[in-house]
Amino acid sequence: MHSLQHILRRALRSLWEHLYLNAMAALVIGAALLLMGVYLTVQYNLNAIVDTWDRDVHISAYFHDDVPEERRFAVRDQVAARAEVLQVRYVSSADAREWLRDEVEDIGPVLEELGDDALPASLEISLAPEASSTPEAISAFAKSLEGPDFEDLDYGQEWIERFNAFLSLLQLLGAVLGALIGVAALFLVANTVHLIVYNRRDELEVQKLVGATGTYITAPFLVEGAAQGLVGAILSLVGLWGVHRLLVVRLQEALQLGLAGELAFLPWPYRIALFAAGLLLGVTAAFVSVRRFLATAP
Amino acid sequence: MIRMYHVQKKYGEIAALRDINLRVEKGEFCYVTGPSGAGKSTMLKLLYGAELPTDGKLLVGGVDVSKLSDRKLPGLRRNMGIVFQDFKLIQSRTVGENVGLALEVIGTPRADIERRVQAVLGIVGLRGRGAEYPRMLSGGEQQRVAVARAIVNDPSILLADEPTGNLDGAMAIEVMEILQAINLRGTTVLVATHDAGLMERFPYRRLRFEHGKLVQS
């Protein structure tokens with residue numbers, strides 16, 4: 001108990017006496033966590049966008065011209081009866097013309113020239129969430145529709161697969177980048193703490209000579225490291241909030257992307273993870289530095 | 001208190017100590033003497049565990065120091081006091097904090113530390129100087145602070161490596177008188193020195209080293 005008091009007192013004293021170096025260590029941790037936080041925010045929002053698209057997967061199945069209308073209705077009813085399907089709507093050639101006429105200005109003369117059957121009739125199919133959770137499931141459902149009735153199937157397969165591949169790549173890059181940032185930050189913070197240890201080398205040497213254990217000598221530095229990590233995490237969150245307000249939201253407004261509502265700030269579990277990462281960085285850097293010194297002290 | 005059996009210490013191919021056999025009894029006062037490079041400091045480093053012998057067996061207070069692990073080193077040092085020629089005081093700490101360090105590391109309550117520090121500062125003639133910083137003291141006074149730190153936890157053995165090396169005659173005598181008084185209270189004292197005048201003025205057993213060999217004990 002008394003040892004704990006001595007350790008805390010020494011940690012607070014050292015924090016104050018080496019305020020500049022401690023602040024530097026906290027800034028380095030904060031910068032590393034900010035980079036990680038920006039990456040996590042981007043990834044979190046991209047995942048949210050993909051989730052939104054996945055929930056609203058839509059397949060257009062275009063009939064051959066020679067399929068009679070009764071057969072088209074029969075196929076519609078068969079498709080509607082399937083468990084994977086949420087909703088089916090039959091769009092006749094005339095409906096498609098009307099829709100296009102409404103959507104695209106001045107297209108009327110072109111459509112007149114092309115004739116009544118220029119646009120094929122189709123089934124517009126909305127899938128249930130459980131059937132559209134992966135690109136593979138969507139692709140499998142679309143393939144099951146292939147046959148003599150349909151001329152073409154359109155469900156943005158290539159696009160979804162490419163986007164998922166891009167997300168996987170982004171995750172891999174994030175993991176590599178995160179590891180590199182972590183190692184670089186650990187190296188920088190360990191060297192900053194090493195300066196604090198170096199400034200206090202006489203004291204640490206004397207402590208060892210009068211019988212202090214390695215744990216007793218190391219503990220105040222771990223407390224300092226934890227404080228650096230916590231302050232660094234707070235700085236990174238403040239910085240992240242600033243980046244979010246100034247850049248992300250304004251950029252979204254400027255480009256009027258409207259992809260998935262307002263881009264979200266990092267949610268609480270991620271923020272807690274950033275605090276944990278800050279603590280881990282600070283404490284590990286302190287541990288490495290002090291143990292390196294103690295190994296050479298008499 | 002100290003037993004050495006065929007102790008040898010080598011740094012690469014260079015032998016700093018060769019085949020040392022020695023007994024020092026509890027309560028003795030001994031000089032470790034000899035010319036520069038004879039092995040005096042190496043001998044003391046082995047005793048306080050800063051170095052391990054290359055060969056042989058070394059017991060200090062019943063503890064086998066020749067095979068001492070890092071984990072057991074603090075236990076050895078808590079039972080001994082060490083005084084250095086350059087004092088090794090922490091300049092950013094007060095005299096009282098420097099002296100109390102040996103008690104602080106073993107978790108002694110602050111009130112007990114205060115009481116004990118005042119008592120030992122009285123023994124070394126620095127009563128009431130606990131709030132001053134080392135840089136405000138003379139060399140002799142700083143060495144007396146180092147001695148106070150070495151004895152604050154009532155060690156059974158006190159090692160002093162050239163404790164008067166940086167002091168003038170009068171100050172050296174003051175420090176020796178304190179060491180003598182500590183020895184009279186039952187502490188085993190080993191002083192490494194090559195100051196012949198001092199050894200004549202305070203005549204005790206001499207352990208003389210030459211080229212790493214113990215030539216007189």
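To find a chain, count down the sequence lines: A is the first, B the second, and so on, and within it residues start at 1. This one's a predicted model, so the numbers in the text were calculated from it and none came from an experiment. All values below come from the heavy atoms of this structure, side chains included, with hydrogens, waters and symmetry mates left out.
In this structure, the separation between CG on A:Asn22 and OG on A:Ser14 is 6.0 Å, given to the nearest 0.5 Å. To the nearest 0.5 Å, atom OH of residue B:Tyr204 and atom CE of residue B:Met176 are 7.5 Å apart.
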Name the atoms and distances for all side-chain donor-acceptor pairs under 3.5 Å in residues 44-61 of chain B, with sequence neighbours left out.
unit_1: B:Glu51; atom_1: OE2; unit_2: B:Tyr11; atom_2: OH; d: 3.4
unit_1: B:Thr54; atom_1: OG1; unit_2: B:Lys10; atom_2: N; d: 2.8

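Heavy atoms closer than 4.5 Å to chain B are found in the side chain of A:Arg9, but not in its backbone. Residue contact with chain A, scored on non-hydrogen atoms closer than 4.5 Å, involves the side chain of B:Ile113 exclusively. Looking at A:Arg10, the atoms closer than 4.5 Å to chain B (heavy atoms on both sides) all sit in the side chain, from C-beta outward. Interface remark: B:Arg149 contributes side-chain atoms only to the contact with chain A (heavy atom separation under 4.5 Å).
In this structure, B:Thr94 contributes its side chain and B:Ala131 its backbone to no donor-acceptor pair below 3.5 Å. Looking at B:Arg18, its side chain does come within 3.5 Å of a backbone N or O of B:His211 through a donor-acceptor pair. Panel note: side chain A:His18, backbone A:Val193; no donor-acceptor pair is recorded below 3.5 Å. The main-chain N or O of B:Pro35 is found under 3.5 Å from a side-chain atom of B:Lys40 such that the two form a donor-acceptor pair.
Of all residues spanning residues 177-189 of chain B, none has a heavy atom less than 4.5 Å away from chain A's heavy atoms. Listed by sequence position, B:Arg77, B:Arg78, B:Ile82, B:Phe84 are the residues of residues 75-84 of chain B in contact with chain A, using a 4.5 angstrom heavy-atom cutoff. For residues 207-233 of chain A, heavy-atom neighbours of chain B at less than 4.5 Å comprise A:Gln207, A:Lys208, A:Leu209, A:Val210, A:Gly211, A:Ala212, A:Thr213, A:Tyr216, sorted by residue number.
Counting non-hydrogen atoms of other residues, nucleotides and ligands closer than 6.0 Å to NZ of B:Lys88 gives a total above 12. Heavy-atom contacts from other residues, nucleotides or ligands closer than 6.0 Å to CG of A:Leu19 number more than 12.
Among A:Arg200, A:Glu17, A:Glu203, the residue with the largest count of heavy-atom pairs under 4.5 Å with chain B is A:Glu203.
Under 4.0 Å is where a charged nitrogen must lie from a carboxylate oxygen, and between B:Asp112 and B:Arg110 no such pair does. With respect to the salt-bridge test (charged N to carboxylate O, under 4.0 angstrom), the residues B:Arg116 and B:Glu114 do not qualify.
Because its NZ or CZ atom is not both nearer than 6.0 Å to the ring centre of A:Trp16 and within 45° of the ring axis, A:Arg13 does not count as a cation-pi partner of that residue.
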*Going through the distances and angles, do B:Ile157 and B:Leu159 end up as a side-chain contact (heavy atoms from CB on, under 4.5 Å)?*
CA-CA 7 Å; B:Ile157 180 167; B:Leu159 308 173; 3.9 Å; yes
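The closest side-chain donor-acceptor pair between B:Asp195 and B:Thr193, if any, does not fall under 3.5 angstrom.
Smallest separation of non-hydrogen atoms from B:Cys30 and B:Val24: SG-CG1, 4.0 Å.
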